[in-house]
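Comments concern the structure below.
Bear in mind the structure is a predicted one, so any value in this text is a computation, not a measurement. Counting convention: from 1, in listed order, for ligands and their atoms alike.
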Amino acid sequence: MKSILIVGGAGYVGTVLTSHLLKQGYSVKVLDNFIYENQFAVQPYIGDPNFTFFYGDLRNQKDLEEASKGVTDVVLLAGLVGDPITKKYPQASEEINDEGITDCIHYFNGKGLDKLIFVSTCSNYGLIKDNELADENFELNPLSLYAKAKVGAEQTLLSLKGESDFTGVVLRFATAFGVSPRMRFDLSVSEFTKDIFQGEELLVYDEHTWRPYCHVRDFARLIELVLEADKDKVNFEVFNAGGDVNNFTKKMIVDEILKFVPDGKVKYGQNGSDPRNYKVSFNKVKERLGFEPSFTVSDGIKELVDALKAGFYSDAKSEKEKYGNYKLALAEGKDDK
Ligand SMILES: NC(=O)c1ccc[n+]([C@@H]2O[C@H](COP(=O)([O-])OP(=O)(O)OC[C@H]3O[C@@H](n4cnc5c(N)ncnc54)[C@H](O)[C@@H]3O)[C@@H](O)[C@H]2O)c1
């Protein structure tokens with residue numbers, strides 16, 4: 001059985017991936033530096049004989065060496081994730097998302113890995129016309145530090161084609177939704193659902209802008225599909241990760257939430273600070289890997305509304321920083337202004 005190292009495995013996606021791979025019988029190792037003091041998120045896995053946690057930083061080669069002993073494949077999830085956190089901490093962002101990830105990709109070359117999966121983002125498409133659909137060959141237009149670093153890292157990995165002993169794969173994730181041990185309420189579907197459920201008046205900017213969404217558990221399943229795929233299907237390929245069914249405008253998300261919370265209060269505004277608008281084609285991942293999401297945006301909203309009704313996340317207001325990428329833990333927060 002494969003032994004998978006998840007770099008950044010204590011995060012929102014990583015904890016769900018850990019859980020999924022353990023259930024499927026994989027051996028899972030996680031390297032993470034708890035940059036948001038998110039230690040609590042890996043607690044459920046401690047004690048599982050197939051799980052090993054390494055506290056460490058992807059910028060440190062000794063940590064990479066220690067954590068990757070005996071692993072067959074690596075999934076790279078770690079980084080400062082999102083436009084706001086990279087804007088707030090540009091220095092840490094450059095050190096981790098640019099230099100750190102680049103060095104990390106090079107570090108793993110020559111180590112006998114089967115696959116190295118780099119998780120990127122559909123944010124790389126930036127702003128496209130309403131009648132266009134971005135496939136993997138669509139021109140990239142990264143608008144933020146976050147997306148610019150992802151485009152750079154993709155290029156670093158793809159430039160190793162023919163030069164590496166591993167099979168490199170890039171997955172451009174849609175925006176995630178769904179419940180995770182490391183819950184994030186700084187992602188649209190979950191943020192809107194929580195705010196509306198808690199009776200706040202939600203202000204939504206640019207409600208007609210499109211984005212693709214995907215459930216975290218579907219991402220976990222897709223990563224497993226890639227780990228198990230024949231090399232020639234995925235070798236140095238880029239895949240948009242998600243499904244056409246979950247291309248949504250913000251207004252469409254709100255309308256779905258209001259079906260579950262009919263008395264919710266919502267206001268709309270124009271010219272918000274986030275101009276991203278992109279509708280994405282997920283044809284390649286469907287054709288080549290047979291991947292289609294099993295959860296719709298509506299399923300994710302229902303799942304979260306049920307969790308909120310049951311009293312989960314009752315501390316989401318008082319402990320806001322626990323539930324998103326807002327503030328780096330002190331040791332990393334050198335450039336916190
Ligand atoms: N969540 C989304 O909607 C979304 C959308 C598109 C792409 N992605 C990509 O998926 C991946 C995971 O996203 P997420 O939502 O789980 O993010 P997250 O912020 O919840 O998790 C990131 C994890 O990386 C760790 N980390 C950060 N810097 C590190 C370092 N230097 N060394 C070791 N660990 C470090 C953090 O402690 C955290 O546990 C990211 O690569 C992200 O760009 C996510």
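Residue-ligand proximity: G56 is placed with a non-hydrogen atom under 4.0 Å from ligand 1. In this structure, R172 does not count as a contact residue of ligand 1, since none of its heavy atoms falls inside 4.0 Å of the ligand. Judged by the shortest distance from any of its heavy atoms, G79 lies inside the 4.0 Å radius around the atoms of ligand 1. Within the 4.0 Å heavy-atom cutoff, S180 does not count among the residues contacting ligand 1. Using a non-hydrogen distance threshold of 4.0 Å, F219 does not register as a contact of ligand 1. Look at S123 and you'll find every heavy atom at least 4.0 Å from all atoms of ligand 1.
Residue I35 approaches ligand 1 through these ligand atoms, each under 4.0 Å from one of its heavy atoms: 27 (C), 28 (N), 36 (C), 37 (O). Close contacts between ligand 1 and Y146 involve ligand atoms 7 (C), 8 (N), 42 (C), 43 (O) [criterion: under 4.0 Å to a heavy atom]. For ligand 1, the atoms closer than 4.0 angstrom to any heavy atom of D57 are 30 (C), 31 (N), 32 (N). Contact atoms of ligand 1 toward V81: 13 (O), 17 (O), 19 (O), 40 (C), 42 (C), 43 (O) (distance under 4.0 Å to a heavy atom of the residue). Taking every heavy atom of R184 and a limit of under 4.0 angstrom, the matching atoms of ligand 1 come to 1 (N), 14 (P), 15 (O), 17 (O), 20 (O). In summary, the atoms of ligand 1 found under 4.0 Å from a heavy atom of R182, numbered by their order in the structure, are 18 (P), 19 (O), 20 (O). Taking a cut-off of under 4.0 Å to the non-hydrogen atoms of Y36, the atoms of ligand 1 that pass are 19 (O). Residue-ligand proximity, T121 to ligand 1, at heavy-atom distances under 4.0 Å covers atoms 6 (C), 7 (C).
Other members of the hydrophobic cluster containing V81, listed by chain and number, are Y146; membership follows side-chain contacts under 4.5 Å among ILVMFWY residues, whether direct or relayed.
Remark: E224 does not engage R221 in a salt bridge, criterion side-chain N to carboxylate O under 4.0 Å. Residues K302 and D299 are not paired through a salt bridge, judged by the lack of any N-O separation under 4.0 Å between the basic side chain and the carboxylate. Looking at E228 and K2, no side-chain N of the basic residue comes within less than 4.0 Å of a carboxylate O on the acidic one, giving no salt bridge.
Ring-plane geometry between F138 and Y125 is classed as perpendicular, the angle between the planes exceeding 60 degrees on a 0 to 90 degree scale with a lower cut at 30. Ring geometry for Y323 against F185 counts as tilted: the plane angle lies between 30° and 60°, on a 0 to 90° scale.
Between Y36 and R182, the side chains place no donor N or O within less than 3.5 Å of an acceptor N or O (distance only, hydrogens not considered). One side chain, Q91 or E95, offers a donor N or O that lies under 3.5 Å from an acceptor on the other. When only modelled atom types and interatomic distance are considered, D218 and S294 share a side-chain donor-acceptor pair under 3.5 Å.
Considering both main-chain and side-chain atoms, A176 comes within under 3.5 Å of ligand 1 through a nitrogen or oxygen pair. For the pair G11 and ligand 1, the shortest N or O to N or O distance falls below 3.5 Å.
Between the choices N325, L76, V119, the shortest heavy-atom distance to atom 10 (O) of ligand 1 belongs to V119. Comparing heavy-atom distances from atom 29 (C) of ligand 1 across N33, L58, V30 singles out N33 as nearest. Counting only non-hydrogen atoms, the option in T15, N60, L77 that gets closest to atom 41 (O) of ligand 1 is L77.
A single hydrophobic cluster is seen to contain both V189 and M183, as judged by linkage of ILVMFWY side chains at heavy-atom distances under 4.5 Å, directly or through other members.
Between N97 and G79, the shortest heavy-atom distance links the atoms OD1-CA, 3.4 Å.
By the criterion of a heavy-atom distance under 4.0 Å, the backbone of A174, and not its side chain, is placed next to ligand 1. The proximity of F34 to ligand 1, defined as any non-hydrogen pair under 4.0 Å, is limited to the backbone. At a heavy-atom distance under 4.0 Å, no atom of L80 approaches ligand 1. Using a 4.0 Å cut-off between heavy atoms, N38 contacts ligand 1 through its side chain alone, with no backbone atom that close.
Centroid-to-centroid, the aromatic rings of F108 and F166 stay 6.0 Å apart or farther. No close placement of the F177 and F192 rings is indicated, their centers lying 6.0 Å or farther apart.
Contacts of T156 classified as side-chain hydrogen bond (donor to acceptor under 3.5 Å, both in side chains), with partners at least two apart in sequence or in another chain: none.
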